[in-house]
Amino acid sequence: MLHRIDVVVPTPAHSSAAGPLSYSSEQALAAGTLVRVPLGKREVLGIVWPRSAEADESFAAKPVAAVLDGISPLSPKWQQLVSFAADYYQRSIGEVALAALPPQLRDLDATQWQRRMKRGNAAQDAGGIVNGPPLTPDQRDVLAQLEGQDRPFLLYGVTGSGKTEVYLRAVQRLLEADAQAQALVLVPEINLTPQLQERFAQRFGESAIASLHSGMTPPQRLRNWLAAHSGAARVVLGTRMAVFASMPALRLVVVDEEHDASYKQQEGARYSARDLAVLRGKFEGAQVILGSATPSLESWQAANKGRYQRLAMATRVGEARLPDVRVVDMNAQPKGAVLSPPLVDAIQQRVARGEQVLLFLNRRGYAPVLACTACEWKSDCPNCSAYRVFHKIDRTLRCHHCGFADRVPRACPVCGNVDIAPIGRGTEQLEEHVGELLAGVKRADGEAVRIARMDADSTRLKGALEAQLARMHAGDVDVLVGTQMVTKGHDFRRISLVAAINVDSALFSSDFRAPERLFALLMQAAGRAGRDAQAGHASEMWVQTWHPQHALFAALRRHDYPAFAERQLAEREQAGMPPFGFQALVRADARTQEAAQAWLHAAAQRAQAMPELGQVALYSPVPATVQRIANVERAQMLVESASRPALQRFLAAWHGELHGLREKGLIRWAIDVDPLAI
Ligand code: ADP
Ligand code: ZN
Ligand code: ZN
């Protein structure tokens with residue numbers, strides 16, 4: 001007998017065949033089974049999906065081409081997570097489901113698959129668990145509260161309070177209590193995974209841990225995915241994509257640095273891995289711990305409301321103290337000074353004592369723009385509404401949006417003037433400048449000061465990041481210059497001075513989240529200083545600004561995140577902004593700005609007739625912040641509601657309407673639910 005089955009396949013988000021497709025099969029196949037099915041002229045990977053009433057019965061179903069054997073079906077709870085994410089973020093199930101699988105599952109043909117499965121996925125025993133250090137009173141307290149509660153936890157612990165140890169113990173407790181149980185630990189950045197992986201491997205043994213992130217080769221990803229799926233991996237460590245890892249016995253989900261913007265996917269299905277982690281915990285009956293020294297205002301408010309349970313760790317491990325914050329008024333400094341003289345003195349003293357210094361500037365390259373001194377020429381990108389950044393190392397002008405790069409011209413391309421000059425400053429220039437300022441400075445061992453830089457450019461090559469981190473940890477570097485990459489999560493032991501060089505643009509941004517982001521960034525940066533009480537002198541965090549009176553700095557001086565959060569929340573509530581209101585952004589890309597906006601206008605027009613519009617406000621279409629990228633014009637329209645369900649109902653109904661909308665020159669459109677940057 002032939003069985004009719006529904007299969008989700010990687011359908012493009014807006015195709016009309018967005019739902020599961022019908023196929024026939026000789027054998028009954030459980031939902032979650034991986035299959036290969038014909039689609040058009042191709043054969044693609046698909047997942048058997050529970051039959052729905054709306055399944056398309058109209059055409060003669062083609063037979064399933066093959067069943068991937070040796071691999072158990074994806075669980076109903078995994079399917080539930082994927083369905084939820086697809087609905088909530090207005091994408092097709094096929095797109096979300098297939099993107100959540102390792103690419104090799106898609107790419108290996110039947111023979112290759114069989115060969116791969118023969119190699120096996122040796123499930124190794126977790127082996128002995130190595131005990132950690134005795135807990136601090138805060139840690140003990142928090143771990144006691146973590147027992148027996150089913151609300152998600154918000155672990156608000158200052159930097160260096162030992163949050164990671166709490167995660168380790170929570171995992172340990174779980175693994176010891178249940179021989180099958182699995183834990184998922186999410187971190188925001190790939191570059192934080194090696195350090196964390198090492199700590200987990202030391203504690204639970206190498207073979208108990210599987211990591212999942214985009215920096216791995218396809219075979220590694222498949223291997224680790226299978227280890228998670230088979231239950232062999234007891235702990236899965238990964239970046240946002242790992243929230244979709246198939247884990248049959250998931251009991252604990254940890255989201256470290258939960259405030260971090262990299263948990264939000266910025267293309268395709270624009271999901272928030274943090275928010276999905278909370279949902280997933282609910283579906284699976286797993287405990288959820290969101291941890292941060294600077295929680296997102298969304299999570300902070302959820303804790304205020306009692307939806308999350310707040311746990312606090314207010315002091316650092318051991319005798320370590322949080323750094324003293326010094327705000328430097330740049331108005332009072334010599335004209336043109338990049339680093340204020342007192343900061344230069346402080347850096348010299350630290351270096352001479354054998355301590356490390358971290359300088360951060362959120363701009364890579366040498367200078368954000370080159371300009372002709374005689375005419376109006378600037379180093380615009382021909383493809384984007386943005387300047388190309390000057391990189392002195394290889395004398396290129398590079399667009400950080402579209403990647404377009406070429407060599408710096410000898411003379412101004414407009415007027416021929418040979419005097420073209422950098423404007424502003426990036427990390428490359430700061431590194432050079434610091435080198436000049438500290439030229440005569442000696443380390444404690446009498447050698448010349450060592451300066452290094454860490455940013456997306458310096459870490460591009462494979463292994464470069466690990467090498468740079470190792471040098472830093474070994475004390476081989478005295479002054480590290482970097483972008484925000486250096487401020488996140490790292491447990492540098494010998495940094496006693498951190499300085500933020502230029503943060504003012506974030507004080508006056510039009511983005512209502514800019515203050516939240518800046519405050520978190522500065523607190524996290526401060527968190528890199530003084531982590532080791534044994535390292536001697538009191539540590540310091542310096543901030544150079546032209547606006548020292550800004551309220552944000554007053555809270556920063558006191559390390560008072562709660563005060564900052566409450567004030568921000570009061571402002572947000574007044575304005576009906578998240579987390580008190582809910583937003584979605586419709587983005588349209590087109591050949592011309594007019595076409596992009598025309599499509600959005602037409603979309604708004606369609607909405608006017610819809611009853612679901614009731615509690616929802618539509619704003620006018622506007623150009624995106626970077627209006628043109630790679631010769632594509634971008635526009636967007638904000639949708640807002642005081643009710644999340646009302647917004648969801650509207651989006652679901654409206655989404656259907658938008659498929660039919662045509663506009664000449666339109667390239668693509670997408671809905672971004674809970675957008676982070678507006
Ligand atoms: P956080 O994630 O809160 O910033 P970490 O978990 O990185 O802090 O801990 C800071 C430092 O304190 C780390 O070097 C860690 O090894 C150490 N540490 C954590 N808990 C303890 C403890 N109970 N006893 C001794 N050292 C600890
Ligand atoms: Zn010129
Ligand atoms: Zn460009």
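We count ligands from 1, going down the list as the structure has it; atoms in each ligand are counted the same way.
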Of all the non-hydrogen atoms in the protein, which one sits nearest to [atom], and at what distance?
{"atom": "atom 2 (O) of ligand 1", "answer": "Thr164 OG1, 3.4 Å"}
{"atom": "atom 13 (C) of ligand 1", "answer": "Asp491 OD2, 3.1 Å"}
{"atom": "atom 4 (O) of ligand 1", "answer": "Gly160 N, 2.7 Å"}
{"atom": "atom 20 (N) of ligand 1", "answer": "Gln139 NE2, 2.9 Å"}
{"atom": "atom 8 (O) of ligand 1", "answer": "Gly162 N, 3.2 Å"}

Can you tell me if [X] has over 12 outside heavy atoms packed within less than 6.0 Å of its [atom1]?
{"X": "Glu176", "atom1": "CD", "answer": "yes"}
{"X": "Arg591", "atom1": "CZ", "answer": "no"}
{"X": "Tyr561", "atom1": "OH", "answer": "yes"}
{"X": "Arg410", "atom1": "CZ", "answer": "no"}

In terms of atom number and element, which parts of ligand 1 are under 4.0 angstrom from non-hydrogen atoms of [X]?
{"X": "Arg531", "answer": "4 (O), 5 (P), 7 (O), 8 (O), 10 (C)"}
{"X": "Thr136", "answer": "23 (N)"}
{"X": "Thr159", "answer": "4 (O)"}

Test: [X] and [Y] ion pair at under 4.0 Å:
{"X": "Arg453", "Y": "Asp455", "answer": "yes"}
{"X": "Arg203", "Y": "Glu165", "answer": "yes"}
{"X": "Asp491", "Y": "Arg531", "answer": "yes"}
{"X": "Glu257", "Y": "Lys488", "answer": "no"}
{"X": "Arg240", "Y": "Asp260", "answer": "no"}

Answer with yes or no whether [X] contacts ligand 1, where contact means a heavy atom under 4.0 Å from a ligand atom.
{"X": "Arg316", "value": "no"}
{"X": "Gly157", "value": "no"}
{"X": "Val158", "value": "yes"}

Is His400 close enough to the Zn ion (ligand 3) that one of its N, O or S atoms comes in under 2.8 Å?
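Within the cut-off used here (under 2.8 Å), His400 places no N, O or S atom near the Zn ion (ligand 3).
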Please determine whether Cys402 has a backbone or side-chain N, O or S atom lying under 2.8 Å from the Zn ion (ligand 3).
yes
Ligand 1 contact on Arg199 by region, counting heavy-atom pairs under 4.0 Å
side chain
Is there a polar contact, in the sense of an N or O pair closer than 3.5 Å, between [X] and ligand 1?
{"X": "Val317", "result": "no"}
{"X": "Arg493", "result": "yes"}
{"X": "Pro134", "result": "yes"}

What's the separation between atom CG in Asn631 and atom CG in Asp589, rounded to the nearest 0.5 Å?
12.5 Å
Here the vertex angle at the Zn ion (ligand 3) for SG of Cys384 and SG of Cys381, given to 10°, is 110°
The SG(Cys372)-the Zn ion (ligand 2)-SG(Cys412) angle, to 10°, is 110°
Mutual orientation of the aromatic rings belonging to Phe492 and His473 [parallel < 30°, tilted 30-60°, perpendicular > 60°]
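Rings of Phe492 and His473: tilted, 30 to 60°.
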